[in-house]
Amino acid sequence: MTPDYQLIEIQTLASGDTLQIPVYTFQGKTGNKKAYIQANLHGAEIVGNAVIYELITFLNSLNSDEVQGEIVLIPMCNPTGVNQRNLFFSTGRYSPYDGNNWNRIFWDYSHENVNIDDFVRKNINLSKQEIQANFLKDILNKFQEKLDKINPYRGVSFSEDYRNILQSLSLNANYVIDIHSSSVSSIDYLYCFDYRQKSADYFLLDYGILMNKYDGNAFDEAFLNPWLVLEKKLSQARRNITFDVEAWTLELGSGMKVNEESVKKGFKGIINYLSAKKMLNLELITPEQKTKLIPKNTIKSYYAPQGGIIRHRLKEGTKIQRGDVLYNILSFLKTSITPTIIEIESADEGIIYDVSTNDTVNQGEYILGIFPHG
Ligand SMILES: [Zn+2]
C-alpha cells in the first residue's frame, strides 16, 4: 500500500525558505483506531528516523486490508532542532527562541480550567466507547477553542505554533509513540506510564522507566495525562475503565548515532505493539522476558565529585555490584604538583543504563546512571 504523503509547513524563515515536516499516512481498509509515531523531536536523537524508514518500507509491502485503522508516521518532526549545530555537535534539545526543552512545550487538556468531575457525573452510566468518544470530543473542542482565540495579527510564539501543529495531528490518536535516543550513550529502553504497564512488554525491550512523577508537558505526558485523570476520577466514582489510549517514549541508542541494533529493536517492537493492538495482522512475538520496569524515582545518577579526565569508565549495559569501580578521575588540581587519581566505587547494585560521552568533566557533571536491582 502507498501512504498518503503530505508536507506541513511549520515556519517560514527570514531567508525566505520554509521549514516543513513530512507526514506519511497509511490508511487501512477497515478499522478506526489511529497510531501516531514521530521521531527526532530532540535534534541529536536521530535513530527514530531510520526506524520510521523501516516502518514505511514494511507498510509499503502490505495490502490495505492488512492494516486496521490509520498509522501516521512523522520522521524529522523538528527541523529546527535537527539542523542545529555547535561545531560538529548536534545540539537541538532546547528551543533557541525561548530556551524551552522541545519536549516540555505541549498542551495538557487537564491543566485547563475544565470540570472533569462534571464530565464524570454526566457520563458515568455510558459505555466505555461512548465515554471515550465524548471525552475526546471535549479535548478536541477545547484545543480548537484555543486555536480560534489566536489573533492572526498578534500571532503566537514559534514554540506554541509548532506544538499546535504536532498536537493537531496526534490528539485524536489511540496510540502515540515518540521515538527519542538518550542524549548520552545508552541501552535501549522505554518510558511507561502507570496503569499502562501491561502493554510495555509488546515493545520487546529489556528495560523501561516507570513514570511515577510527571515533569509536565512532555509530548507523551500531555497526550495521556488527561485520560489518566479521567480514569482516576471514574474509579473514585466506582467505575473502573482503562481507555484504549496509550503513550510511549522509546529511548533507542545514543544521540548523534544510528546504532543499527537499536533500529532493529525499535522496528520490531513497534510492529509487535501494533499487532498486539490489532492494527496489524501479524503473529505476536511473546517476549523471552518481561520488560523490567524501574520506577523513575529509584534510578541512581552519578555526578563528578571533582573536575578532571574520566578514565576506565564501565560501559552501558554492565551489571555491577556495590563496591565495583565505576570509573577513575584524573585531575591536575592547581593545589598540588602531583596529579591525583580517584577511584569511584558504585554505591548501588544493578545495571549501568547510560553513560555520558564526554571524558572530560567539570565538578557536578553527569557521569552515568544505574537501574538498581530489586
Ligand atoms: Zn529526547
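When a ligand or atom number is given, it counts from 1 through the structure's own listing order. Only heavy atoms go into these numbers, but all of them, side chains included; no hydrogens, no water, no symmetry mates.
Taking the six-membered ring for Trp and the full ring otherwise, the centers of Y207 and F371 sit less than 6.0 Å from each other.
Each of Y175, F135, Y195 was compared with W227 under the ring pair (Phe, Tyr, Trp, His ring centres under 6.0 Å) criterion, and only F135 meets it.
Looking only at protein N/O/S atoms, the ones less than 2.8 Å from the Zn ion (ligand 1) make 4 in total.
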Name each donor-acceptor pair under 3.5 Å that joins a side chain in residues 232-241 to protein atoms two or more places apart or in another chain, with its distance.
unit_1, atom_1, unit_2, atom_2, d
K233, NZ, D117, OD1, 3.3
R239, NH1, I124, O, 2.5
R239, NH1, L126, O, 2.8
R239, NH2, L126, O, 3.1

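A donor-acceptor contact shorter than 3.5 Å links the side chain of K33 to the backbone of K277.
The CG atom of D178 lies 5.5 Å from the CG atom of L41; values are rounded to the nearest 0.5 Å. The OG1 atom of T340 lies 8.5 Å from the CD1 atom of I329; values are rounded to the nearest 0.5 Å.
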